[in-house]
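Notes for the one structure printed next.
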2 protein chains.
Amino acid sequence: MFRTLNISDAKDSMPKSAVPPEMKPEVDAIVEAIVYLYTESRRLTKEVAARHGLTGPQLTVVKMLETLGELSLSRLSEKIRAQNSTVTGIVDRMEREGLVARARSTSDRRVVQITLTARGHQLAREVKVEPIQIFREALVGLSRDDAKDLLRILTKLANRVRQMVDDGQARGDQT
Amino acid sequence: MFRTLNISDAKDSMPKSAVPPEMKPEVDAIVEAIVYLYTESRRLTKEVAARHGLTGPQLTVVKMLETLGELSLSRLSEKIRAQNSTVTGIVDRMEREGLVARARSTSDRRVVQITLTARGHQLAREVKVEPIQIFREALVGLSRDDAKDLLRILTKLANRVRQMVDDGQARGDQT
DNA sequence: CGCTGATATTTAGCGTGCGAAACATCTAAC
DNA sequence: GTTAGATGTTTCGCACGCTAAATATCAGCG
């Protein structure tokens with residue numbers, strides 16, 4: 001039997017007062033909106049990146065290294081929310097294109113430091129729009145109150161999800 | 001020069017009154033929250049699907065076909081927000097596993113109708129949680145007012161993005 | 001020193017996900 | 001009816017993105 005993260009169980013321990021069943025369409029609409037916003041911003045990032053011969057993730061990496069400087073592969077993976085193995089591939093291709101360089105750390109020879117090459121730096125300066133900025137542009141149209149409400153509610157939501165996930169894992173998840 | 005989708009331009013035509021520069025951290029937090037919610041719900045979907053030997057997208061397809069019945073490949077692609085070529089691959093693997101079947105339409109022989117097999121139907125009944133429901137669980141903790149505000153603001157946001165995208169494309173996009 | 005377990009990275013295999021091109025079929029226009 | 005363009009699907013090539021396993025190195029311990 002699996003009991004990794006039992007979502008149906010979780011429901012029973014939650015306040016029933018809130019978001020009643022008749023709001024189902026609204027809930028679906030919220031989900032729809034979030035998915036739309038995420039996928040669209042991703043598509044836009046990709047489009048911006050493509051104008052400079054980059055992929056979406058590659059642009060993210062370039063901007064990250066420009067901002068934070070040298071990063072180990074692990075740190076870089078955390079920053080862009082991807083697995084090490086995924087980033088290995090991305091860095092492989094970027095290295096092939098001469099955008100970044102790998103350097104073995106001297107203090108700990110397991111660690112690989114990733115740095116921007118001259119070409120990488122130039123690209124970082126060329127591309128004005130950071131991935132996150134595409135979202136930001138859309139947010140510009142909101143009133144300050146709306147923005148505050150949005151942040152408050154989304155944060156609450158994210159924390160709830162985080163809690164659900166933690167509960168699930170605490171229940172005996174062996175990775 | 002590129003002008004495929006000029007995001008900086010768009011800003012000029014927008015109300016300056018809203019979301020001022022000093023709210024930058026809040027804006028970043030909103031983005032962070034949306035990205036988190038999206039990726040986490042996707043991860044959870046994948047986890048639920050895995051318990052039944054499915055991938056995330058495959059579970060989505062199973063639930064979609066269970067709900068809507070027979071769908072052409074194009075319609076199915078729209079529904080799950082993916083390109084035809086992507087769905088062709090997903091359906092290939094599901095067909096191989098005996099979950100769905102392809103049937104050439106008699107009225108229009110270009111069209112391929114996708115249907116659930118008996119095994120597909122059984123799986124659909126077995127798996128209680130629809131992908132969207134994972135989000136829903138998190139939303140259960142919100143007050144009704146919060147849910148309404150969230151929907152209102154997100155919708156506004158999504159419409160703004162949609163408008164930005166349309167503007168960009170109308171401005172003369174040559175792939 | 002030699003062993004053990006932890007940590008950092010890579011490799012291998014698979015499943016999306018996309019755009020472009022190939023292919024089949026349909027539709028309209030002549 | 002033939003031709004030209006539109007539409008539905010697949011194929012191809014590439015880039016993620018993930019997990020599991022392999023590899024290399026480190027840190028500590030007897």
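Below, chains carry the letters A, B, ... as their sequence lines are ordered, and counting in each starts from 1.
- B:Ile90 and B:Val111 fall into different hydrophobic clusters, where Ile, Leu, Val, Met, Phe, Trp and Tyr side chains are chained together by heavy-atom contacts under 4.5 Å.
- In terms of position along DNA chain D, the nucleotide closest to B:Asp92 lies nearer the 5' end than the nucleotide closest to the other residue of the pair A:Arg93 and B:Asp92.
- In this structure, A:Arg43 atom CZ and C:dC18 atom P are separated by 10 Å, rounded to whole Å.
- Contact between the side-chain N/O atoms of A:Gln83 and the OP1/OP2 oxygens of D:dT19 is found at a separation under 4.0 Å.
- Side-chain N/O atoms of A:Thr86 include one lying less than 4.0 angstrom from OP1 or OP2 on D:dC18.
- Straight-line distance from the CG atom of B:Asn84 to the P atom of C:dA21: 17 Å, rounded to whole Å.
- Across all strands shown, B:Arg75 has no heavy atoms under 4.0 Å from either base or sugar-phosphate atoms.
- Look at CD1 on B:Ile90: it is 13 Å from C1' on C:dC14, rounded to the nearest Å.
- In the model, A:Ser72 has no side-chain atom that pairs as donor or acceptor with a side-chain atom of A:Ser74 under 3.5 Å.
- In this model, a side-chain donor or acceptor of B:Ser85 finds a partner on the base of C:dG19 within 3.5 Å.
- Note: CZ (A:Arg42) to C1' (C:dG17) measures 9 Å, nearest angstrom.
- Against DNA chain D, the stretch residues 94-120 of chain A makes heavy-atom approaches under 4.0 Å through A:Asp108, A:Arg109, A:Arg110.
- A salt bridge links B:Arg102 with B:Asp92: the closest approach of a Lys/Arg side-chain nitrogen to an acidic carboxylate oxygen falls below 4.0 angstrom.
- The interatomic distance linking B:Lys46 (NZ) with D:dT19 (C1') rounds to 7 Å, in whole Å.
- Residue contacts shown for B:Thr88 include a base, since a base heavy atom lies under 4.0 Å away.
- Following rounding to the nearest Å, B:Leu76 (CG) and D:dT9 (C1') show an atom-to-atom distance of 13 Å.
- With rounding to whole Å, B:Glu78 atom CD is found 17 Å from C:dG17 atom P.
- The distance between atom CG of B:Leu71 and atom P of D:dG8, rounded to the nearest whole Å, is 14 Å.
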